[in-house]
Amino acid sequence: MAIASINPANGTTLKTFEPLTAERLEEKLALAAKAFRDFQKMPVEHRALCMRKLATLLEEDVEDLAQTMMQETGKPLRVGREEIEKCATCCRYYAENAARILAPEAIPTGTGKSYVRWDPLGVLLAVMPWNYPFWQVFRFLAPALMAGNVGLLKHAPSVPQCAFAIETLTRRAGFPRGTFQTLFLETEQVEGVIGDPRVAAVTVTGSQRAGRSIAAKAGACLKKTVLELGGSDPFVVMPTGDLATAVEVAAQSRTVNSGQSCIAAKRFIVHASIYEEFVRRFARKMGSLKVGDPSREDTEVGPLASAQGLAEVERQVADAIAAGGRIVVGGGKLLSRGFYFEPTVIVDVPRTSAVYREEIFGPVAMVFSARDTSEAIQIANDTDFGLGASVWTSDPAEQQRMVSEIEAGMVFLNAMVASDPRMPFGGVKGSGYGRELSAAGMREFLNAKSVVVA
Ligand code: NDP
């Protein structure tokens with residue numbers, strides 16, 4: 001795929017970029033390795049100053065950055081601003097907490113003095129997607145740089161200007177040259193970077209296909225990976241849950257970022273006693289959402305990020321109907337320029353169909369009926385993925401069962417699944433492994449060095 005900014009609101013190509021030549025790539029790898037030698041020794045307080053400055057720059061440039069995201073991904077401006085503000089919050093979280101997370105831990109072993117110290121690993125490669133072109137990168141960048149690691153970013157080919165803006169921001173924030181670089185690479189060039197001895201580890205956010213391929217290469221080189229590979233999150237509504245709020249949040253969670261979020265609710269599992277009522281209200285809400293021009297402040301759902309993304313969602317909806325599914329609202333692309341798809345609710349999709357097992361990356365919800373708690377949990381777990389789950393019930397015993405039996409990295413009771421710099425973020429099963437954010441995310445790329453002084 002060419003490295004190009006294409007405006008999803010009208011399909012216009014705004015700018016194209018050339019991938020790095022072998023010589024330029026070599027220069028950048030050499031620079032990263034050199035930068036690490038000094039950067040790992042920079043006091044954490046000094047790194048925190050740069051990180052705080054980075055937060056301030058994000059806030060100062062919020063309008064321009066939201067514009068860039070809108071032009072490359074179709075993300076509504078309002079949503080883009082929120083993303084930039086969240087990145088600033090993440091920078092401040094790690095500026096404030098890195099010293100605590102990195103502090104040596106004394107462990108009494110009966111021999112003199114024993115402790116664990118946390119050392120950076122080196123140059124880290126981040127392979128990132130287009131759906132949250134800043135947030136996905138910042139949740140890697142902030143802990144990595146605060147730990148003294150150095151970052152290389154291979155961003156999705158559709159967001160080159162976002163990628164370039166991130167590198168520029170880190171330089172303006174005072175991070176030394178080479179501590180964070182964007183690499184414009186074609187897919188085939190990534191393997192060489194993973195295999196390069198100067199690269200210590202890799203983090204990937206994207207599809208299972210990307211995760212498999214990158215982890216296989218990294219595994220062959222004995223390099224650590226963290227994989228965040230999306231999900232098909234269940235949204236479970238039980239009779240004691242607040243139905244009115246659940247309906248509002250269900251629509252919000254399915255259409256967040258125009259439906260292109262790994263933690264968006266994708267499969268709605270509703271107790272049989274409230275199923276008809278839920279479907280009626282949910283379809284009404286989904287049908288009332290304002291789809292349109294991402295530059296308008298009142299737009300709730302913008303275009304999908306690419307023509308391929310739109311074609312894939314159209315194919316999945318057609319497959320769902322062919323398998324026996326019934327559309328309650330929406331169901332088609334909007335006949336205008338740009339990659340718009342209607343918020344859609346589908347019922348009766350057989351659990352034996354292929355599309356039932358797929359992640360739908362667009363504003364399309366499938367709703368299922370469950371006769372009791374056990375069946376709701378069974379359907380929730382009937383997926384290859386295991387990222388997040390949102391469960392609506394006020395029955396304490398049922399809450400406990402859901403929390404312990406749902407196979408996911410995150411369970412939110414009576415709330416929408418969302419990332420927070422203070423909480424670990426990641427999944428189980430086909431959603432990948434490892435964690436981002438919080439102390440757990442920072443420690444993924446640290447060497448827990450055990451030291452014993454006899
Ligand atoms: P991809 O997984 O293909 O892309 C994500 C990133 O991985 C991009 O930078 C991509 O770059 C890179 N990549 C992909 N394959 C390889 C490889 N073999 N070696 C090195 N880098 C690779 O996602 P798509 O954009 O194609 O989206 C497809 C589907 O993936 C979506 O519909 C959705 O289901 C899922 N997805 C999940 C996301 C999440 O948040 N977890 C985010 C985005 C997508 P390049 O294109 O240059 O190869």
Side-chain angles (χ1 to χ4, degrees), residues 1-4 6 8 17 19-20 72-75 83 125-137 139-140 152-160 162-163 166 182-195 199 202-220 225-233 256-264 266 304-317 339 341 355 357-364 383-388 409-410 417-419 425-427 429-434 436:
M1 195 175 165
I3 302 171
I6 299 171
F17 296 80
L20 289 175
E72 293 195 321
T73 70
K75 190 185 295 280
E83 180 169 338
L125 173 66
V127 179
M128 290 290 158
W130 42 266
N131 59 341
Y132 290 93
F134 277 75
W135 174 239
Q136 304 279 23
V137 176
R139 68 188 190 197
F140 154 73
L152 293 173
L153 170 64
K154 184 267 177 264
H155 217 325
S158 54
V159 288
C162 292
I166 296 170
T182 283
L183 309 178
F184 287 154
L185 297 178
E186 286 177 319
T187 318
E188 307 72 51
Q189 292 174 284
V190 177
E191 200 169 300
V193 177
I194 298 169
V199 171
V202 189
T203 184
V204 184
T205 301
S207 61
Q208 291 184 332
R209 183 180 45 79
R212 268 196 197 98
S213 160
I214 294 167
K217 174 66 188 168
T225 44
V226 165
L227 304 180
E228 202 278 81
L229 307 179
S232 187
D233 283 7
V256 64
N257 204 38
S258 309
Q260 305 161 115
S261 168
C262 47
I263 48 169
K266 295 180 184 128
L304 298 187
S306 67
Q308 299 92 300
L310 176 63
E312 180 67 353
V313 171
E314 280 189 281
R315 195 270 303 159
Q316 288 173 309
V317 170
F339 314 139
F341 199 88
V355 67
R357 308 226 146 255
E358 295 173 9
E359 175 178 30
I360 301 184
F361 231 52
V364 178
T383 169
D384 299 336
F385 293 101
L387 192 57
M410 301 167 278
V417 178
S419 55
F425 182 93
K429 296 162 62 178
S431 290
Y433 50 74
E436 297 188 281

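First listed ligand is number 1; within each ligand, the first listed atom is number 1.
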For Ala264 against Val256, the heavy-atom pair lying closest together
CB-CG1, 4.0 Å

Under the side chain to side chain contact (heavy atoms under 4.5 Å, CB included) test, which residues partner Arg357, sequence neighbours left out?
Asp382, Asp384

Please find the pair of heavy atoms, one from Pro133 and one from His155, that lie closest to each other, and give the distance.
O-NE2, 2.8 Å

Using the side chain to side chain donor-acceptor pair (under 3.5 Å) rule, pick out the option among Gln260, Lys75, Gln136 that qualifies with Asn131.
Gln136

Leu20 backbone acceptor or donor facing Gln189 side chain under 3.5 Å
yes

Please assess Ile263 against Phe425 for the test side chain to side chain contact (heavy atoms under 4.5 Å, CB included), listing each intermediate value before the final yes or no.
CA-CA 10 Å; Ile263 48 169; Phe425 182 93; 3.6 Å; yes

Quick one, list the residues around ligand 1 where some non-hydrogen atom comes in under 4.0 Å, by chain and residue number.
Val127, Met128, Pro129, Trp130, Asn131, Gln136, Lys154, His155, Ala156, Pro157, Thr187, Val190, Thr205, Gly206, Ser207, Arg209, Ala210, Ser213, Ile214, Glu228, Leu229, Gly230, Cys262, Glu359, Phe361

